[in-house]
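Note that this is a predicted model, so its numbers are computed, not measured. Both ligands and their constituent atoms are indexed starting at 1 by order of listing.
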Amino acid sequence: MDLLANLYHNHIAELNRRVALVTEREGIDGLVIHSGQLHRQFLDDMDYPFKVNPHFKAWLPLLDNPNSWIIANGKDKPTLIYYRPEDFWHKVNDVPNTFWVEHFDIKLLTKADRVAELLPKNVKSWAYIGEHLDVAEVLGFTSRNPDAVLNFLHFHRADKTQYELECLRRANQIAVKGHVAAKQAFYNGASEFEIQQQYLSAIGQSENEAPYSSIIALNQNAAILHYMTLEHQVPAQRHSFLIDAGANYHGYAADISRTYAFEKSRFYELIVAMNQLQLEIVDLMKPGVKYPDLHIETHAKLAKVLNDFGLASGDVQQLIELGVTRAFFPHGLGHMLGLQVHDVGGFAHDERGTHIPAPEAHPFLRCTRTLAANQVFTIEPGLYIIDSLLSKLDNQAKATVNWQQVDDLRPFGGIRIEDNIIVHQDRNENMTREQGLVD
Ligand code: GLY
Ligand code: MN
Ligand code: MN
């Protein structure tokens, strides 16, 4: 049997265990999880691309079937209400016949608005989990996305099953192929747009299938943190290339960044130093470590890199306290990864959803959890020349900056290096590098 099918048994058992626990605790009969519905574009007859409810795809890799439902109480075999309309305009998915079908009682639904006939009779004692509260209300659900249930599920989403870890490995394996192709395209002189085409072609996924829109930034564009434009024009000169792009496997995301220098320059040396810094931070990961401490350690290491490269001078504590490291590295070190790129539960410290916010000095940090085995995180330190942040530094901080070096670096934009890491009890698994994206 395929490895994944094998692991899936225990995955479903774990999801059932969680549902049994939470439903008993909350005094409900079970969960009714809605895959979602298509969203019509305003004043148009076309729909936005369908994005499935993450709580639905947690159960099975069915990503493209709106109007479907899972009914689970943790004890009985879950029911899958599988939408299969009669429709000669659109492609209708076949009745599924794959490794997960044996784990569900499958009922076919031909008309979306007839679902009530297949739902439990007493929906008032079941919780609706999904996006369409109006639909839930019409169907008679009084409990819709109850906080207690969502907090419980979100907290436990951090703990990946072996099936989920394997999906994340495979997502990395696919994304790595794209990164190798993109790097080649950059050195061959492609435009941002062309690099993106070659990336997608190598991963074999459309833009809508990929877990997020790629950042493909040449030269100074690499300093724009969420750069989504894909310039068609090839720039007159090529200095640098920052790519942040992922892939999807059974609904699980890879989220990988790399930066390349066109020539062996000072900027190239800086990439080497940032790569080293990133690996050192990964080495600090282990169960019991607090993610914010990794972020703060990154600032300390970055202060040293700024000194080494003459970008700023001052002792580590001074550069941190004056906000100099933050001007060069304004985003968080990373986040949890799974069914969502920024997986839920990053601030949740217990099953009840106790929220621990990011430290005041680091508001963009997306994870404050304490690491545990079988959890998956990105580690993505960066260093950018962002004039709007550098110009806001106070005079004391500005005096530590070597503005000539900043000017020299500006055409290169910035650097980000991002890997996806599984924390195991006794070691870390850097999926990105183990799948072959070494630098
Ligand atoms: N690609 C989004 C991120 O790195 O968080
Ligand atoms: Mn990323
Ligand atoms: Mn990321």
Side-chain angles (χ1 to χ4, degrees), residues 51 54 157-158 160 168-169 171-180 182-183 192 195-196 199-200 203 205 207-217 221-230 240-249 251-260 271 274-275 277-279 281-282 285 291-292 294-295 298 329-347 358 362-369 371 375-384 386 413-423 428 430-433 435 437 439:
K51 298 290 175 187
R157 276 260 297 275
K160 269 59 179 183
L168 286 158
R169 276 183 203 108
N172 265 262
Q173 189 173 41
I174 297 167
V176 163
K177 286 187 193 146
H179 277 264
V180 169
K183 176 182 178 182
E192 292 171 351
I195 295 173
Q196 163 77 336
Y199 181 87
L200 292 174
I203 67 168
Q205 296 179 7
E207 233 169 294
N208 288 331
E209 289 168 315
Y212 61 93
S213 303
S214 307
I215 295 171
I216 306 271
N221 295 335
I224 303 169
L225 296 180
H226 286 168
Y227 179 75
M228 300 293 180
T229 313
L230 291 167
S240 60
F241 170 38
L242 188 156
I243 171 169
D244 183 343
N248 168 3
Y249 187 85
Y252 291 83
D255 175 13
I256 300 174
S257 304
R258 284 294 182 271
T259 310
Y260 303 103
I271 295 174
M274 288 302 291
N275 188 54
L277 178 158
Q278 195 257 11
L279 290 172
I281 296 296
V282 171
M285 299 173 85
Y291 198 90
L294 296 173
H295 177 84
T298 304
F329 170 42
H331 58 74
L333 175 63
H335 47 86
M336 296 200 305
L337 181 72
L339 287 162
Q340 289 167 277
V341 177
H342 300 150
D343 218 10
V344 287
F347 302 100
H362 302 282
F364 300 118
L365 186 59
R366 284 199 174 95
C367 181
T368 56
R369 282 181 80 142
L371 278 52
Q375 296 185 346
V376 179
F377 301 86
T378 69
I379 294 289
E380 47 183 305
L383 193 175
Y384 315 85
I386 302 175
I415 299 170
R416 180 163 62 260
I417 296 168
E418 175 176 26
D419 289 338
N420 302 166
I421 318 291
I422 303 174
V423 176
N428 296 320
N430 187 329
M431 292 183 280
T432 310
R433 302 211 186 216
Q435 296 299 338
L437 195 63
D439 51 22

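- When each atom of ligand 1 is checked for a heavy atom of Glu418 under 4.0 Å away, the hits are 4 (O).
- Looking only at side-chain heavy atoms (C-beta outward), Tyr227 and Glu192 come within less than 4.5 Å of each other.
- Among the atoms of Asp244, some N or O lies under 3.5 angstrom from an N or O of ligand 1.
- Residue, atom and distance of the protein heavy atom nearest to atom 3 (C) of ligand 1 are Asp255 OD2, 3.3 Å.
- Distances shorter than 4.0 angstrom occur between a heavy atom of His342 and an atom of ligand 1.
- Inclusion of His335 in the first shell of the Mn ion (ligand 3) is supported: an N, O or S atom falls under 2.8 Å.
- In this structure, Thr259 contributes its side chain and Arg416 its backbone to a donor-acceptor pair below 3.5 Å.
- Side chain of Tyr252 to main chain of Ala171: no donor-acceptor pair is present (N/O by atom type, distance under 3.5 Å, no hydrogens or angles).
- If you look at Phe329 and His331, their ring centroids are closer than 6.0 Å.
- Taking each heavy atom of Pro211 and Asn248 in turn, the nearest pair found is CD-N, 3.8 Å.
- In terms of protein heavy atoms, atom 4 (O) of ligand 1 is closest to Glu380 OE1, 3.0 Å.
- Between the OE2 atom of Glu418 and the OD2 atom of Asp255, the angle taken at the Mn ion (ligand 3) works out to 80° after rounding to 10°.
- Here the options are Tyr291, Phe377, Phe364, the test is side chain to side chain contact (heavy atoms under 4.5 Å, CB included), and the partner is Leu333; only Tyr291 passes.
- Nearest N/O/S atom of Glu380 relative to the Mn ion (ligand 3): this is OE2.
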